[in-house]
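By convention here, the first residue in the shown sequence is residue 1.
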Amino acid sequence: MRKTYRLDLEGKHPDRLLEASKHDIRKYIKRERGKALPAGADFWDFDSKAGVDEASAQPVVFAELIRAVDALVAAGNKQFFVEVLRKPGKRTPRPAAEPTTEASPESDFED
């Protein structure tokens with residue numbers, strides 16, 4: 001999804017246009033996550049960019065995309081560009097936590 005959202009449409013309040021654009025982004029992500037995964041993939045991951053326009057868009061961590069949009073609007077911009085591309089992701093197992101067998105010589109409780 002590559003789209004430029006304008007917030008200065010006549011007859012529309014900019015706050016409502018911002019909320020509608022964020023809803024559109026979330027709806028696209030939900031639709032893409034529902035698609036069948038390719039073999040060997042565990043989940044859909046997303047590459048995302050945000051900026052005032054397509055030429056100035058910078059990569060953004062996917063989890064921070066909506067906050068980046070809010071920051072662009074808070075800076076006074078009348079439009080913003082968002083790019084969200086899906087890619088298959090593979091989960092990596094967490095490293096096993098080493099159990100600590102040391103007992104504390106001091107106890108918080110009195111015997």
Side-chain angles (χ1 to χ4, degrees):
M1 173 175 112
R2 293 180 179 140
K3 191 168 182 181
T4 300
Y5 292 97
R6 295 189 50 194
L7 302 176
D8 58 352
L9 298 177
E10 188 175 335
K12 305 280 184 176
H13 196 278
D15 291 342
R16 301 297 74 79
L17 290 170
L18 175 62
E19 292 303 317
S21 63
K22 289 194 268 186
H23 175 73
D24 189 38
I25 294 167
R26 290 180 182 118
K27 187 169 68 170
Y28 172 79
I29 292 165
K30 185 176 179 180
R31 183 173 52 241
E32 291 298 309
R33 282 188 174 150
K35 292 186 177 179
L37 288 166
D42 294 328
F43 66 101
W44 285 116
D45 195 11
F46 295 93
D47 289 330
S48 56
K49 290 183 180 181
V52 177
D53 56 8
E54 190 171 358
S56 67
Q58 297 292 322
V60 177
V61 177
F62 176 67
E64 301 293 322
L65 181 62
I66 299 297
R67 288 188 194 104
V69 167
D70 287 337
L72 287 168
V73 173
N77 297 309
K78 298 293 181 190
Q79 71 176 18
F80 61 92
F81 172 80
V82 174
E83 177 180 284
V84 180
L85 302 174
R86 71 180 160 102
K87 64 179 181 179
K90 180 78 173 155
R91 295 195 199 287
T92 56
R94 290 185 182 170
E98 296 179 15
T100 57
T101 58
E102 297 179 23
S104 175
E106 297 180 20
S107 175
D108 291 342
F109 300 103
E110 293 182 18
D111 292 330

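- Counting heavy atoms from C-beta on, the side chains of Tyr5 and Asp24 come closer than 4.5 Å.
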Pairs of donor and acceptor atoms involving the side chains of residues 46-59, under 3.5 Å and at least two apart or interchain, shall be tabulated with distances.
| from | atom 1 | to | atom 2 | distance (Å) |
| --- | --- | --- | --- | --- |
| Asp47 | OD1 | Lys87 | NZ | 3.1 |
| Ser48 | OG | Val60 | O | 2.7 |
| Asp53 | OD1 | Ser56 | N | 3.0 |
| Asp53 | OD1 | Ser56 | OG | 2.6 |
| Ser56 | OG | Asp53 | N | 3.3 |
| Ser56 | OG | Asp53 | O | 3.4 |

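- Crowding of Lys30 atom NZ: a count of heavy atoms from other residues, nucleotides or ligands under 6.0 Å not exceeding 12.
- At a threshold of 4.0 Å, the pair Arg67-Glu64 counts as salt-bridged, since one of the basic side-chain nitrogens sits closer than that to a carboxylate oxygen.
- Residues Asp8 and Leu17 are not in side-chain contact: their nearest non-hydrogen atoms beyond the backbone lie 4.5 Å or more apart.
- Separation of atoms CG (Leu18) and NZ (Lys22) is listed at 4.5 Å; rounding is to 0.5 Å.
- The pair Asp45-Lys90 fails the salt-bridge criterion, with no side-chain N (NZ, NE, NH1 or NH2) lying under 4.0 Å from an Asp/Glu carboxylate O.
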When the side chains of residues 71-85 are checked against the rest of the protein, which donor-acceptor pairs come out under 3.5 Å, sequence neighbours left out?
| from | atom 1 | to | atom 2 | distance (Å) |
| --- | --- | --- | --- | --- |
| Asn77 | ND2 | Leu72 | O | 2.8 |
| Glu83 | OE1 | Arg2 | NE | 2.7 |

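- We find the CG-CG distance between Asp15 and Leu7 to be 9.0 Å, quoted to the nearest 0.5 Å.
- Geometric assessment of Arg86 against the ring of Trp44 yields a positive cation-pi assignment under the 6.0 Å and 45° thresholds.
- Summarising the geometry, atom CZ belonging to Arg26 is positioned 9.5 Å from atom CG belonging to Leu65; distances are rounded to the nearest 0.5 Å.
- For the atom pair NZ (Lys12) and CZ (Arg16), the distance works out to 11.5 Å, reported to the nearest 0.5 Å.
- Looking at every heavy atom in both residues, Tyr28 comes nearest to Met1 through OH-N, 3.4 Å.
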